Trainee: 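One structure, pasted below without further comment.
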Amino acid sequence: MTFKELPKSYEPKEVEEKWYRYWIDGGNFTANEESDQPPYSIVIPPPNVTGSLHMGHALNNTLQDIMARFKRMQGYNVLWLPGTDHAGIATQNVVEKQLALQNKARKEMGRDLFIKRVWEWKEESGGVIVNQLKRLGSSCDWRRERFTMDEGLSMAVREVFVSLYKEGLIYKGDYIINWCPRCQTALSDLEVEHKEEKGHLFHIKYPVKGENETLVVATTRPETMLGDTAVAVNPDDDRFKHLIGKEVHLPLTGRVIPIIADSHVDVKFGTGALKITPGHDFNDFEIGQRHSLDAISVMDKEGRINELGGSYAGVERYECRDRIVDDLKKEGLLVKIEDHDHSVGHCYRCQTTVEPMISKQWFVKVQSLADAAIDAVKKGETKIVPQQWEKTYFDWMENIKDWCISRQIWWGHRIPAWYCDCGEIIVSVSDPDSCPKCQNSSLRQEDDVLDTWFSSALWPFSTMGWPTQTKELDLFYPTSLLITGFDILFFWVARMMMMGLKFMGSAPFKEVYIHALVRDSEGNKMSKSRGNVIDPLVIMEKYGTDAFRFSLAAFAAQGRDIKLDEARVDGYRNFVNKIWNASRFALMNLEGFEDKKVLPNKEELPLADRWVLSRLNRTAKDVSCALDTYKFNEAANIVYQFVWHELCDWYIEMIKPVLYGDGDSNERNNTQAVLLEVLRTSYQLLHPFMPFITEELFSYLPGEEGSIMKSRFPESDSSVVDEALEAEMERVMNTIKAVRNIKGEMGISPSSSVSLIVRGVSERHQQSLMKNENLLKIIARLDSFSFTDGDAPEGAATAVVEEMELYIPLKGHVNIDEEEKRLNKEIGKVEKDLEFLQKKLSNKAFIGKAPKEVVEKDKKRFEEVMLMKSKLVDSLGRLKCLK
RNA sequence: GGGCGGAUAGCUCAGUUGGGAGAGCAUCGGCCUUACAAGCCGAGGGUCACAGGUUCGAACCCUGUUCCGCCUACCA
């Protein structure tokens with residue numbers, strides 16, 4: 001048999017491109033709706049079509065890919081369904097900006113032309129993030145890629161809208177909503193970002209009508225006084241009781257408004273008198289409703305004062321604030337201005353300060369939907385991991401308010417409602433030809449489009465063909481798992497829960513894994529404005545995709561944000577390199593290997609081989625277990641530890657004598673077989689994390705054809721796990737470590753050979769050590785290895801491993817002072833242990849109350865350590881005699 | 001205001017039923033040992049934020065405090 005040799009170093013780039021193409025061409029990512037394998041499904045959190053890959057995406061998709069590849073290798077029929085989101089406002093903004101460069105405006109173009117332009121943009125640039133996901137190695141079923149504006153998904157949107165409308169769960173009305181004066185659209189509560197800002201509290205005198213008295217109100221937004229329709233005081237506030245029912249002159253307007261009593265007013269805040277502007281404040285709106293006050297909108301859609309603002313008409317809202325303050329000062333009505341910090345709402349797309357406004361909008365009545373969504377999690381139909389997020393989910397769901405779903409933009413699903421001159425509103429899945437009431441055929445469709453999250457709320461089933469009852473839906477809904485960041489728990493997860501339960505009758509996911517946010521190494525959120533963004537593509541380019549993915553997995557501890565430290569990525573790049581070199585070693589040492597297709601009986605194998613197989617099986621079990629519970633960091637660390645420190649540091653070193661020597665060819669063949677088996681299994685364990693290098697290396701293995709993706713994920717064989725054997729190996733390893741320690745501490749060059757004499761060994765251990773003599777000699781670099789029953793050798797360095805005393809004669813270059821120092825150090829350590837154990841064991845309460853096993857264990861330890869100490873002290877005594 | 005999370009080695013972080021604190025990087029010392037110097041071997045380094053409590057025993061459970069982060073809210 002001849003074997004391919006590996007190139008000297010791993011070149012990620014070429015390998016990654018090669019294998020990704022191979023996987024795609026081979027249809028390896030394609031789910032099969034005809035398969036009778038158990039289904040496993042994940043829908044991707046669709047990134048914005050405008051987006052480009054950031055760390056959040058990279059983490060999110062790496063974790064999904066790990067699960068997808070893991071489950072696929074376990075024999076599941078995996079569907080990982082990808083796609084993008086049309087991102088209404090964001091996309092419209094992007095295209096508008098492009099148009100602005102050409103001095104064009106959306107409104108001049110007209111709706112149809114603009115939409116056409118957006119589609120063109122989508123075709124050209126919308127694929128960026130998809131390609132970046134591919135670069136990451138994502139094993140999505142790209143044949144099923146969806147876009148929220150696809151025809152099928154749009155149909156689902158209409159179905160849902162019409163159905164909810166008919167049931168009375170969608171309504172239209174005049175309410176106060178968040179308005180972005182720049183985007184010129186309504187926003188839902190969630191789309192408003194609150195930020196702490198330094199502001200002022202203006203104290204303004206409102207003269208009481210017919211009295212020689214003024215009522216002072218405090219406000220942060222004096223410009224809204226133009227829309228005041230009352231002043232409210234607390235009904236229990238003695239200072240103002242006599243004013244309730246009277247009226248005040250609203251300064252600068254000539255209007256007169258009532259003084260009302262409402263318990264919402266906080267006696268202790270400001271002046272205790274609250275001006276009420278139902279047209280521009282959420283609270284005031286509610287108070288206004290309670291007291292049947294008029295709600296006056298004094299601003300236009302761009303945030304300028306409108307004609308109802310009298311002489312201020314046309315003035316921008318903040319400019320108006322200054323002017324009003326000036327004017328109040330002139331009239332002597334401004335009492336004072338205090339500094340006051342408060343939180344101000346901003347548009348999540350453009351950061352403009354939002355303006356609460358009264359406006360005709362469409363809403364979803366969410367209470368009943370939310371109740372069902374709460375139930376599903378309470379019953380365990382959907383499990384949220386880590387569980388702490390359930391509380392957040394419940395909290396939000398329990399306090400949810402009706403969802404404003406209409407947006408005054410063009411890019412999105414246009415609301416399927418048509419208006420007839422006769423006053424009829426037709427809500428219908430298909431475009432109506434004429435009014436069912438008056439037969440008039442000149443109908444006008446609603447201008448507004450739906451919130452993007454309305455369509456993404458349907459994602460788990462609309463992408464599988466709903467409302468058509470497809471095979472995919474049958475097989476893959478509900479999905480097995482959703483992986484997403486907590487930042488869209490409300491935006492998206494909660495809404496998918498509501499819609500899935502409503503329209504599919506079951507929750508869309510069995511489990512939801514919520515991962516953390518990726519931050520910079522200081523712990524700050526990455527953002528363009530902070531300039532601390534680490535571009536995942538740059539990292540992939542520098543360290544390779546596998547190293548990057550492995551880093552993300554290793555960082556992904558549950559419930560904790562990730563502070564990405566590039567040094568660790570560098571460390572995992574070295575790990576990739578290590579794997580490569582270990583493989584290279586193996587392939588260089590396969591001379592004469594005959595593949596017998598089956599592993600030798602373990603009885604025939606030497607200690608090292610049996611040990612590595614035992615460890616390997618344990619590792620396989622632990623990795624599966626960790627992945628099943630979404631402990632990605634544990635899984636990564638377990639396999640890292642095994643491959644580097646057990647396989648490379650110990651096993652490969654231990655088998656070198658067998659592979660290099662000209663000894664028993666059968667023994668060598670066995671070891672070669674074991675080495676290949678361990679490598680193959682390691683690649684399989686690593687594959688979900690590092691798809692590329694493992695596929696590449698797998699292809700070099702003799703006897704392997706086809707993709708590692710199609711191979712079976714390692715299942716642990718518990719009959720191979722052997723604790724006694726692992727203990728035996730540990731004794732050998734500790735012996736080697738003791739020799740290395742003496743050499744290191746005594747300044748003896750590692751290459752200089754020394755003798756090892758073992759005294760006081762038990763018969764069993766002696767046999768085992770003798771069997772491994774060759775191994776000990778080579779790895780510990782000994783020129784002789786022997787046992788003695790007689791006196792301890794003189795002039796030797798000493799160590800104690802279990803019951804064994806180890807002696808290394810130091811011959812001519814003996815350094816007694818050094819060895820004395822070293823022994824004292826060892827004795828010091830041992831004494832500390834003894835002191836601790838002594839204290840514990842002399843505590844009657846401990847002996848009496850602690851479990852027997854624990855007490856026994858400590859007693860045994862105490863004896864062992866006592867023995868060790870006496871041996872070390874003896875050695876020290878003998879050493880002193882030499883002086 | 002409410003809620004959640006964090007504080008462990010110089011740095012970044014693990015530590016799930018409470019039983020003598022771990023990793024990687026960094027540091028120090030020694031090695032070109034024919035897979036790998038992106039490596040190998042050895043060593044040093046922690047009153048697990050603070051104060052109480054429960055327990056034979058606490059990084060872990062309970063209470064309180066301080067500092068940091070995030071989410072959320074009708075903070076005029």
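A quick note: this is a predicted structure, and the numbers were derived from the prediction, not measured. We name chains A, B, ... by the order of the sequence lines, and we start the count at 1 in each one.
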Trainee: What orientation do Y348(A) and F491(A) show, parallel under 30°, tilted 30 to 60°, or perpendicular over 60°?
Mentor: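 Parallel: the ring planes of Y348(A) and F491(A) meet at under 30°.
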Trainee: Taking Y572(A)'s backbone N and O only, do any of them form a donor-acceptor pair with K578(A)'s side chain (distance below 3.5 Å, no angle check)?
Mentor: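 No.
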Trainee: Taking only residues two or more places apart in sequence or in another chain, which ones pass side-chain contact (heavy atoms from CB on, under 4.5 Å) with E196(A)?
Mentor: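 Expected list: D341(A), S343(A).
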Trainee: The criterion is side chain to side chain donor-acceptor pair (under 3.5 Å); which residues satisfy it with K383(A), sequence neighbours excluded?
Mentor: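 K383(A) satisfies side chain to side chain donor-acceptor pair (under 3.5 Å) with E511(A) once adjacent residues are dropped.
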Trainee: Give each protein N/O atom lying under 3.5 Å from an N/O atom of nucleotides 16-18 of chain B, with the pair distance.
Mentor:
from    : atom 1 : to      : atom 2 : distance (Å)
rU16(B) : O2     : K631(A) : NZ     : 3.1
rU16(B) : N3     : K631(A) : NZ     : 2.2
rU16(B) : O4     : K631(A) : NZ     : 3.2
rU16(B) : O4     : E634(A) : OE1    : 3.2
rU16(B) : O4     : E634(A) : OE2    : 2.3

Trainee: Take the protein atom CD1 of I652(A) and the nucleotide atom C1' of rC41(B), then report the distance between them rounded to whole Å.
Mentor: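 Roughly 17 Å, once rounded to whole Å.
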Trainee: Using a 3.5 Å cut-off on both pairing distances, which stems of three or more Watson-Crick or G-U pairs include RNA chain B?
Mentor: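 Stem list for RNA chain B: B:1-7 with B:66-72, B:10-13 with B:22-25, B:27-31 with B:39-43, B:49-53 with B:61-65.
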Trainee: Could you go through nucleotides 22-29 of chain B and list every protein N or O atom that sits under 3.5 Å from one of its N or O atoms, giving the distance for each pair?
Mentor:
from    : atom 1 : to      : atom 2 : distance (Å)
rG24(B) : OP1    : H645(A) : NE2    : 3.4

Trainee: Going by the rule ring pair (Phe, Tyr, Trp, His ring centres under 6.0 Å), which residues pair with W650(A) if we only count those two or more places apart in sequence or in a different chain?
Mentor: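 Checked W650(A) against ring pair (Phe, Tyr, Trp, His ring centres under 6.0 Å); zero matches.
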Trainee: When you measure from every atom of RNA chain B, which of residues 841-852 of chain A have a heavy atom less than 4.0 Å away?
Mentor: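 Output list: N843(A), A845(A), F846(A), K849(A), A850(A), P851(A).
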Trainee: From the set rA76(B), rC40(B), rG42(B), return the single nucleotide nearest to any side-chain atom of K737(A).
Mentor: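 Looking only at heavy atoms from C-beta outward on K737(A), the closest nucleotide is rG42(B).
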Trainee: Could you pull out all residues at least two apart from K13(A) that satisfy side-chain contact (heavy atoms from CB on, under 4.5 Å)?
Mentor: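 Expected list: E17(A), R135(A), E541(A).
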Trainee: Can you label the angle between the F202(A) ring and the H200(A) ring as parallel, tilted or perpendicular, going by 30° and 60°?
Mentor: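 Perpendicular: the ring planes of F202(A) and H200(A) meet at over 60°.
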Trainee: Identify whether any heavy atom of F282(A) sits under 4.0 Å from a base atom; if not, whether one sits that close to sugar-phosphate; answer base, sugar-phosphate or nothing.
Mentor: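 The residue F282(A) makes no contact with any strand.
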Trainee: Could you check whether K401(A) gets within reach of a base, just the sugar-phosphate, or nothing at all, counting any heavy atom under 4.0 Å?
Mentor: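 Sugar-phosphate contact only.
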Trainee: Please identify each residue that fulfils ring pair (Phe, Tyr, Trp, His ring centres under 6.0 Å) with F585(A), with sequence neighbours left out.
Mentor: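 F585(A): no ring pair (Phe, Tyr, Trp, His ring centres under 6.0 Å) contacts found.
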Trainee: Over all strands shown, is T277(A) touching base, sugar-phosphate only, or nothing at heavy-atom distances under 4.0 angstrom?
Mentor: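 T277(A): no heavy atom of the nucleic acid under 4.0 Å.
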Trainee: With 3.5 Å as the limit, what N/O pairs link the protein to nucleotides 43-48 of chain B?
Mentor:
from    : atom 1 : to      : atom 2 : distance (Å)
rA43(B) : OP1    : N741(A) : ND2    : 2.9

Trainee: When you measure from the side chain of V854(A), which nucleotide among rU72(B), rA35(B), rG19(B) comes out closest?
Mentor: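 Closest nucleotide to the V854(A) side chain: rG19(B).
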Trainee: Within the pair K391(A) and rC4(B), is there a side-chain N or O less than 4.0 Å away from OP1 or OP2?
Mentor: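 Indeed, a polar side-chain atom of K391(A) lies that close.
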Trainee: Check if the side chain of T392(A) and the base of rC4(B) share a donor-acceptor pair of N or O atoms closer than 3.5 Å.
Mentor: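 Side chain to base: no pair present.
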Trainee: Under 4.0 Å between any heavy atoms, over every strand shown, what does E853(A) touch: base, sugar-phosphate, or nothing? Just pick one.
Mentor: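 If one applies the 4.0 Å heavy-atom cut-off, E853(A) turns out to touch nothing in the nucleic acid.
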Trainee: Of all the nucleotides listed (rA35(B), rA76(B), rC71(B)), which has the minimum atom distance to the side chain of F490(A)?
Mentor: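 The answer is rC71(B), which lies nearest to the side chain.
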Trainee: Let me spell it out: for each of K840(A) and L201(A), pick the nucleotide of RNA chain B with the closest heavy atom. Which residue's pick is nearer the 5' end?
Mentor: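 Here K840(A) is the residue nearer the 5' end.
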Trainee: Side chain of Y660(A) only, please: which of rG42(B), rA35(B), rA14(B) is the nearest?
Mentor: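 Of all the options, the side chain of Y660(A) is nearest to rA35(B).
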Trainee: Going by side chain to side chain donor-acceptor pair (under 3.5 Å), name the residues that satisfy it together with S751(A), two or more places apart in sequence or in a different chain.
Mentor: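 Partners of S751(A) under the side chain to side chain donor-acceptor pair (under 3.5 Å) test: S749(A).
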Trainee: Output all residues satisfying ring pair (Phe, Tyr, Trp, His ring centres under 6.0 Å) with H203(A), sequence neighbours left out; order by chain, then residue number.
Mentor: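 Counting only residues at least two positions away or on another chain, H203(A) forms no ring pair (Phe, Tyr, Trp, His ring centres under 6.0 Å).
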